[in-house]
2 protein chains.
Amino acid sequence: MATQLPPLAAIRAFEAVARHGSFTRAAGELGMTQSAVSYQIKVLEERVGTPLFVRRPRRIALTEIGRRLAPAVSEAFEHIAAAWQEARHGAQGTLVINTLQTFATAWLARHVGSFQLAHPGIAVRIETEQKVIDFARNEADVAIRAGSGGWPGLVEHQLIGTDFSPMLSPRLAASVGGLREPVDLLKLPIVSPNDPWWPDWLVRAGLAADALAGRPRTSLGSQSVEASAAIAGQGVALLTTAFYRQEIEAGLLVQPFDIVGTEGQRYFLVYPEARRNAPKTRAFRDWILPLFDQKTA
Amino acid sequence: MATQLPPLAAIRAFEAVARHGSFTRAAGELGMTQSAVSYQIKVLEERVGTPLFVRRPRRIALTEIGRRLAPAVSEAFEHIAAAWQEARHGAQGTLVINTLQTFATAWLARHVGSFQLAHPGIAVRIETEQKVIDFARNEADVAIRAGSGGWPGLVEHQLIGTDFSPMLSPRLAASVGGLREPVDLLKLPIVSPNDPWWPDWLVRAGLAADALAGRPRTSLGSQSVEASAAIAGQGVALLTTAFYRQEIEAGLLVQPFDIVGTEGQRYFLVYPEARRNAPKTRAFRDWILPLFDQKTA
DNA sequence: CGGGATACATAAGGGAGTTTCATGCATCAT
DNA sequence: ATGATGCATGAAACTCCCTTATGTATCCCG
């Protein structure tokens with residue numbers, strides 16, 4: 001539908017002139033000279049084939065044709081301006097976070113509320129993805145990636161490592177008189193004894209890799225559920241330490257040993273360089289970085 | 001109301017892309033290259049602060065923001081296009097003729113109907129003016145001017161001179177056995193004996209300037225009324241010869257003598273050079289010139 | 001599983017359309 | 001009259017936009 005449109009720069013000038021009834025004032029609004037406006041109107045009049053303004057001594061008046069054209073154009077521009085403003089506002093007001101499923105459920109879901117409280121003007125949408133995303137083909141503004149960094153064109157901030165360690169509720173720990181040695185863990189129920197991370201950690205702690213063999217093969221499926229179970233005192237869970245800093249600080253969980261296993265990756269906050277200074281990007285960065293700061297380096 | 005508008009060239013490209021779902025096809029519609037469209041979309045995305053399209057393998061898709069922006073823009077452009085088309089059409093379809101009162105009543109009013117029959121798509125508006133008009137400050141497309149020609153910036157076509165001569169109906173002429181000498185006129189009633197043109201003509205005809213003195217000072221006010229009276233056989237009228245060619249050819253009037261007076265001016269059809277090729281201008285020119293052609297040179 | 005075709009991105013370069021500047025002209029107000 | 005206001009115009013400069021050429025990724029086909 002190759003609808004024939006007038007030259008848009010000229011029609012824009014026309015609209016302003018019609019509204020102001022003056023080339024000079026229209027030029028003021030448009031940020032150009034009276035001369036340029038005069039030129040554009042002339043172009044438009046040549047294109048339409050008839051004058052759009054009658055030049056009277058110290059003022060101009062719309063011709064019949066101009067009088068019919070002006071309101072339609074003004075209205076159309078108002079709609080465009082409104083939609084544009086809304087788009088700009090929407091762009092500033094909605095933060096799309098792309099994140100790995102694990103990070104979303106294990107950490108982000110529990111904490112994003114505080115970001116929204118801190119920035120009530122920014123709506124948040126969380127997209128979860130299995131693989132590393134490409135900003136060119138996703139709507140995300142920022143993403144949480146796991147890996148080792150070094151993505152071209154992206155700004156990256158290291159958030160946390162993937163160190164994991166057993167955690168449990170202080171009450172459960174106290175129930176066995178405290179945990180001094182890793183071997184003391186074996187006296188307690190284990191939330192997900194068949195978690196593939198356990199052998200790794202057990203070995204690092206000087207225990208047998210199969211020390212948990214034979215226990216019921218229960219699995220709660222995600223860290224956050226395991227964490228909840230641990231907090232409820234149901235057993236020991238092997239959790240990514242960085243994800244539960246706040247719970248440890250709040251006394252809901254304890255990490256009895258410094259011994260950690262690791263997946264050998266790190267989590268990063270990344271976003272396109274082009275958007276590094278967008279307010280919503282800054283807001284998110286400035287909110288999330290302190291939460292992982294320091295002890296995770 | 002300096003409403004913030006997006007870059008219009010870019011928004012135009014965006015609209016086409018959104019409609020086609022393809023940079024390449026949009027470029028086709030817009031008559032530019034895919035490359036240019038890509039550039040414009042990039043500009044717009046930078047301006048709005050967020051991507052408007054998601055780049056998927058062999059196709060693109062609107063983002064949330066783009067999806068909300070596109071319909072509003074499309075609709076606005078449709079309105080502009082419609083108004084523009086209407087303006088163009090109106091410009092082509094209405095011919096504004098500015099003319100001197102005398103020409104309008106003495107000739108144009110009686111003949112314009114045939115123009116309208118020949119060009120049913122063109123509406124005609126006749127503006128009458130006392131003075132010579134300036135196209136810059138009137139809405140006229142063409143004008144009939146009296147003068148001696150030589151107006152800058154205007155195309156001019158000589159129509160007729162202002163020669164005038166006595167005219168009467170053939171029956172009235174026959175009633176006195178035909179007119180052989182100018183003096184024979186004095187036997188007949190004169191429609192407007194005190195018309196200022198009479199003394200001029202009488203002298204040229206070798207009669208006394210005041211040969212009509214003492215006749216009742218009736219005046220019908222305009223040539224066309226005088227002509228009607230003459231056609232009705234009520235007397236002799238002094239008429240601009242060129243205005244009544246058709247009536248003479250039709251046998252309604254006779255001009256008994258070749259002796260003519262003149263106002264020393266000519267009538268011209270004029271119009272701005274810029275509009276010389278507008279269809280309606282050509283139509284009017286091609287209609288009116290043959291009507292005065294030849295014997296008026 | 002190559003090879004071609006399709007679609008968008010990007011860099012460099014040039015050109016047409018706009019804009020500005022300077023000036024002129026007409027009108028209006030004082 | 002005289003200055004101020006407002007639009008038109010011509011020349012020159014600039015800016016933006018478009019084109020050309022090329023790259024990259026994906027899809028499709030045999």
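Protein chains get the first letters and strands the later ones, always in sequence-line order, with residue 1 at the start of each.
OP1 or OP2 of dG6(D) has not a single side-chain nitrogen or oxygen of R55(A) nearer than 4.0 Å. The side chain of Q40(A) contributes an N or O atom lying less than 4.0 Å from OP1 or OP2 of dT19(C).
Put simply, CG on L8(B) is 15 Å from P on dC16(D), counting in whole angstrom units. Rounded to whole angstrom, the span from the CZ atom of F53(A) across to the C1' atom of dA8(D) amounts to 15 Å. A straight line from CD of Q34(B) to P of dT24(D) spans 16 Å, rounded to a whole angstrom. Regarding I60(A), its CD1 atom lies at a distance of 16 Å from the P atom of dT27(C), rounded to whole Å. Atom NE2 of H20(A) is separated from atom C1' of dC7(D) by 17 Å (rounded to the nearest Å). Between the CD1 atom of I41(B) and the P atom of dA7(C) there is a distance of 17 Å, given to the nearest Å. One can place CG of L44(A) at 11 Å from P of dT18(C), the figure rounded to the nearest angstrom. Put simply, CZ on R56(A) is 16 Å from P on dA26(C), counting in whole angstrom units.
Classification of the F164(B)-W197(B) ring pair by plane angle, with boundaries at 30° and 60°, yields parallel.
Heavy-atom distances to DNA chain D give each of R59(A) and K42(A) a nearest nucleotide, and the one nearer the 5′ end belongs to R59(A). Each of A36(B) and R25(B) lies near DNA chain C, and the nucleotide nearest R25(B) is the one positioned closer to the 5' end.
Residue Y39(A) has its side chain nearest to dT18(C) when only dC17(D), dT18(C), dA9(C) are considered. Of the candidates dC7(D), dT19(D), dT19(C), dT19(D) carries the atom nearest the M32(B) side chain, counting heavy atoms from C-beta on. The side chain of S35(A) lies closest to dT20(C), out of dT20(C), dT20(D), dC8(C).
No donor-acceptor contact under 3.5 Å links the side chain of S38(B) to the base of dT10(C).
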**OP:** Test T128(B) against F103(B) for side-chain contact (heavy atoms from CB on, under 4.5 Å), laying out the working first.
**Re:** CA-CA 9 Å; T128(B) 60; F103(B) 185 82; over 6 Å; no
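Comment: K42(B) does not engage E45(B) in a salt bridge, judged by the lack of any side-chain N to carboxylate O separation of less than 4.0 angstrom.
Checked against T99(B) for a side-chain contact (heavy atoms from CB on, under 4.5 Å), the options T105(B), V112(B), L108(B) give a single hit: L108(B).
At the heavy-atom level, T24(B) lies under 4.0 Å from the strands shown only through sugar-phosphate atoms. Using a 4.0 Å heavy-atom cutoff across all strands shown, F23(A) reaches sugar-phosphate atoms only and no base atom.
With a 4.5 Å cut-off on side-chain heavy atoms, W107(A) and Y267(A) do not count as touching.
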